[in-house]
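Okay, so here's the structure we're looking at.
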There are 2 protein chains.
Amino acid sequence: MKLDSLRLCQQKEFKLGGISRLITTEKWNIILLIETWSRYYEGILYLEYPMTMHKKRVSIRDLAKVLGVTPSTISRALNGHESISVSRRDQIVQLAKELGYRPNQIAKSMVSNKTFTIGLLLPEFTHNYFNNILAGIESVSFQKGYQLFICTSDELKEKEEKSCMAFLNTRVDGVLAAVGNDSDDLSHFETVIEDGTPLVLLDRICEDLNTSYVVTDDFQGSLDAVQYLVQTGCKQILHIKGPEYISTSFNRYLGYVEGLKKNNIPLEENLILMGEDEQFEKKLNQIFDEFEVDGIFAFSDYYAYDAIKVLQKRGIGIPDEVSVIGYADEPIAQYISPQLSTVKQPAFEIGKHAAEILFKMIEEKNTTIMSKQLETTLVIRESTR
Amino acid sequence: MKLDSLRLCQQKEFKLGGISRLITTEKWNIILLIETWSRYYEGILYLEYPMTMHKKRVSIRDLAKVLGVTPSTISRALNGHESISVSRRDQIVQLAKELGYRPNQIAKSMVSNKTFTIGLLLPEFTHNYFNNILAGIESVSFQKGYQLFICTSDELKEKEEKSCMAFLNTRVDGVLAAVGNDSDDLSHFETVIEDGTPLVLLDRICEDLNTSYVVTDDFQGSLDAVQYLVQTGCKQILHIKGPEYISTSFNRYLGYVEGLKKNNIPLEENLILMGEDEQFEKKLNQIFDEFEVDGIFAFSDYYAYDAIKVLQKRGIGIPDEVSVIGYADEPIAQYISPQLSTVKQPAFEIGKHAAEILFKMIEEKNTTIMSKQLETTLVIRESTR
DNA sequence: CTGTTAGCGCTTTCAT
DNA sequence: ATGAAAGCGCTAACAG
């Protein structure tokens, strides 16, 4: 019963819903006074309190009974149908409010075969990129009155599959998804498509998956970055490559290759390093021992940061000796020093456009696939000349 | 028809679901060959493609008809009831799989009055803190087989209200929420409680809201931080305070006050600055003109960073001249230099415990309120002596 | 303008 | 072990 160790709130005299009160003692220690029976067990404070039990909800039948009309009439009134007298409608709406009537969306879905729900599957939310995508999606789905079922796949195929099945079982009206890294088998997405549920894929392109895509122009984004490096005097540019098997890695790599080509710089295989390489630091050091690298273009801001740390250990000046460009414009790009130049992806817009396309597919019962590619912008900060 | 500007994928020969193909030309420019009728309009590529239309889904009735039994039997078989012969069950399960039967969760909810859905309302996802909370919640809800309805309130009361109503209308089995900054009117949460829907509030405590809470011990966290500052020699400690009207701001402030008190340092009102102050930089400079500040304890890592920037402009050495401690252990704490010492909140655990308590309330039809307070840990990095 | 009826897909008594 | 029937809350087609 070490209640005194619990400081749920430290205001001088604080009522936690009329149950408990916190006061400050003369010693400035704060203790909790419980006015009802309570116990403290395994770190949880239990307060016996008369919680409202799931009382039976009021249905249109209840309203109908009160007014001596049929449920149909109630339904029509509440849904603003034409054929109903204004006075009656007002009366019904008024009563509904008084009785705290809450339309049962489940029952509605049952008859309309529509849930006003969309399934969203993203790999994770630790990268700001996906948060912004989410914000973009939310901005349009909220305004459209749709709810979001959100699942994170953690880049795990198993979770992806389960989530897709859950989406289908709950009869979402559409699915938005960014497929995870390691999924080579994409049959679960095929199931979604075959089910006839509109699907828009984000960010990463998958071969043989016939559906709408919203992606960014990674190729051009990388090309821009490399062009900038060359224009500012870089002659030997290292590329830190992203994970295998995802289209973005490959496209950014291609942009890098194209950038070199355009500037007649020979492609040197040894200047390409995998960001996820376990011996990243060692290998990077070896490259710097061997080559006169004066520019780095990384698949992500995080890889860029990893490289910068290694360079700083070596006492290499950034950007004086080596220019560095990252990718994505994650928040860290602004916080590290030197501030990181990077290729900014329009994450919010990706989400927004993806949602818009999805709603088009849903609402227009469209039979066509719609794809969109967005442009990146090069953000120059302190890590480049 | 500037199709050539569209590089949906830059692989040498890439089939986008058998519809289109991308090839590289001799000039390394990449163009898109469309094999079906298509058009490019307002930035969207439309591909006419025979998409599966929402075909009528197979129901238990369909299965029943095939096998010449009644829907009841199918239902029993699929739900693993006792009274059914094994052979029949296997037969039914087999057929269900073959026909791609997908149980209609909506219909199930209709009869069971249970949706296996919980509503989650968070202010935003740009702070890593909430992402980790989400991850914690997801880890338990996924394993329990519940879906998450996620809404962001953007700290807007209007969105909070709408989301709460949406949760109630879709008959979620429970609600998890962190109330936004500016909400003084909390009637929408009261509505949730009165409706009988289990509610667990995260992170921030609200007066007069009778429900379960999961919070961290902000008071102790702040106290620890201040104690550390004093122990490492700080005599004049500035506090950068969080937004008004949220319990965490107040509790961290109280911890700061308590820390001073414990060390017999007089509380100086002028050493307290609001983080959201529009004239933050100016006022901070004034304080440094007037006082010999040698320690800063900030409500958040972001505020701490803001302060550090000002100090660095002034040429003040950190931590030699001034020690700085932030709050939350956001990722930036590790990326800025000097790396920021901070009070780490167990965000993942908050989410996990909140979800666990919620499920207890849901499953045990518990009539008690359960609250939990988690401990913080002080993470010492480079910004302190 | 309003009532009647049927039904969305599933579960669940109550019989047999 | 299985069938028949009712019903979850709501909407919609058809009558009046």
Side-chain angles (χ1 to χ4, degrees), chain A residues 54-93 95-96 99-117 166 168-173 195-196, chain B residues 54-93 95-96 99-117 166 168-173 195-196:
Chain A
H54 245 71
K55 52 185 165 197
K56 199 177 155 353
R57 273 128 173 172
V58 4
S59 71
I60 56 171
R61 279 244 292 276
D62 300 324
L63 300 183
K65 233 173 281 173
V66 173
L67 295 178
V69 295
T70 54
S72 321
T73 307
I74 307 289
S75 171
R76 283 187 275 251
L78 261 23
N79 293 292
H81 282 212
E82 291 295 292
S83 53
I84 195 148
S85 61
V86 184
S87 61
R88 178 112 296 172
R89 185 179 40 240
D90 292 348
Q91 179 193 31
I92 290 174
V93 170
L95 181 73
L99 265 52
Y101 168 77
R102 224 165 284 295
N104 187 329
Q105 185 55 51
I106 300 291
K108 282 190 169 182
S109 296
M110 192 83 228
V111 3
S112 66
N113 210 17
K114 184 135 184 31
T115 55
F116 288 97
T117 272
L168 260 26
N169 292 349
T170 52
R171 304 298 196 252
V172 297
D173 294 330
D195 183 78
Chain B
H54 246 70
K55 53 184 165 197
K56 199 176 156 352
R57 273 128 172 172
V58 3
S59 72
I60 55 170
R61 280 244 292 276
D62 300 326
L63 300 183
K65 231 172 281 171
V66 174
L67 296 178
V69 296
T70 54
S72 323
T73 307
I74 306 291
S75 171
R76 284 188 273 253
L78 261 22
N79 293 293
H81 282 212
E82 291 295 293
S83 54
I84 195 150
S85 62
V86 184
S87 62
R88 176 120 287 177
R89 184 176 46 238
D90 292 348
Q91 179 194 30
I92 290 174
V93 170
L95 182 72
L99 265 51
Y101 168 77
R102 223 166 285 294
N104 187 330
Q105 185 56 50
I106 301 290
K108 283 189 167 181
S109 297
M110 192 82 228
V111 5
S112 66
N113 211 16
K114 184 134 182 32
T115 56
F116 288 97
T117 272
L168 259 27
N169 291 349
T170 52
R171 304 296 195 255
V172 297
D173 294 330
D195 183 78

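Just the heavy atoms: all of them, side chains too, but no hydrogens, waters or symmetry mates, feed the values below. Chain letters run A, B, ... following the sequence lines, proteins first and then strands; every chain starts at 1.
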Query - 5' precedence on DNA chain D between B:Arg171 and B:Thr70 (nearest-nucleotide basis) - result: B:Thr70
Requested in this report: From the options C:dG9, D:dC10, D:dT2, select the nucleotide whose nearest atom is closest to the side chain of A:Ile60.
Outcome: D:dC10
Report task. Just jot down the ring pair (Phe, Tyr, Trp, His ring centres under 6.0 Å) partners of A:Tyr101, sequence neighbours excluded, or say none. Result -> none
**Report entry** Residue list, side-chain contact (heavy atoms from CB on, under 4.5 Å) with A:Val93, at least two apart or on another chain
**Finding:** A:Leu78, A:Arg89
Report summary line: To the nearest 10 degrees, the angle between the two end axes of the helix from C:dC1-D:dG16 to C:dT16-D:dA1 (five pairs per end) comes to 40°
Query raised in the report: Hey, can you pull the residues of residues 71-80 of chain B with a non-hydrogen atom under 4.0 angstrom from DNA chain D?
Result: B:Ser72, B:Thr73, B:Arg76
Report task. Report the nucleotide, chosen from C:dT11, D:dG9, C:dG9, that has the shortest atom-to-atom distance to any side-chain atom of A:Ala107. Result -> D:dG9
Report task. Of all the heavy-atom pairs spanning A:Leu168 and B:Arg102, show the shortest one and how long it is. Result -> CB-CD, 3.3 Å
**Report entry** Closest to the B:Ser83 side chain, choosing from D:dC10, D:dT2, C:dT2
**Finding:** D:dT2
Query raised in the report: Taking only residues two or more places apart in sequence or in another chain, which ones pass salt bridge (charged side-chain N to carboxylate O under 4.0 Å, His left out) with A:Lys65?
Result: none
Query raised in the report: Looking at A:Ser59, does any N or O in its side chain come under 4.0 Å of the phosphate oxygens OP1/OP2 on D:dG9?
Result: no
Query raised in the report: With respect to the side chain of B:Ser85, which nucleotide from C:dC1, C:dG9, D:dA1 is positioned closest?
Result: D:dA1
**Report entry** Student check: side-chain heavy atoms of A:Asp90 and A:Ser87 closer than 4.5 Å
**Finding:** no
Report task. Take B:Arg57 and A:Asp195, measure what salt bridge (Lys or Arg N to Asp or Glu O under 4.0 Å) needs, and give me the verdict at the end. Result -> CA-CA 8 Å; B:Arg57 273 128 172 172; A:Asp195 183 78; 2.6 Å; yes
Query raised in the report: Side-chain N or O of B:Arg88 less than 4.0 angstrom from OP1 or OP2 on D:dT2?
Result: yes
Report summary line: Taken in chain and number order and not counting sequence neighbours, the residues that satisfy side-chain contact (heavy atoms from CB on, under 4.5 Å) with B:Ser83 are B:Arg76
**Report entry** A:Ile84, nearest nucleotide to its side chain (from D:dT2, D:dG9, C:dT2)
**Finding:** C:dT2
Query raised in the report: Would you find a donor on one side and an acceptor on the other, under 3.5 Å apart, between the side chain of B:Thr115 and the backbone of B:Ser109?
Result: no
Report summary line: dist A:Thr73:OG1 -> A:Leu63:CG (nearest 0.5 Å) comes out at 11.5 Å
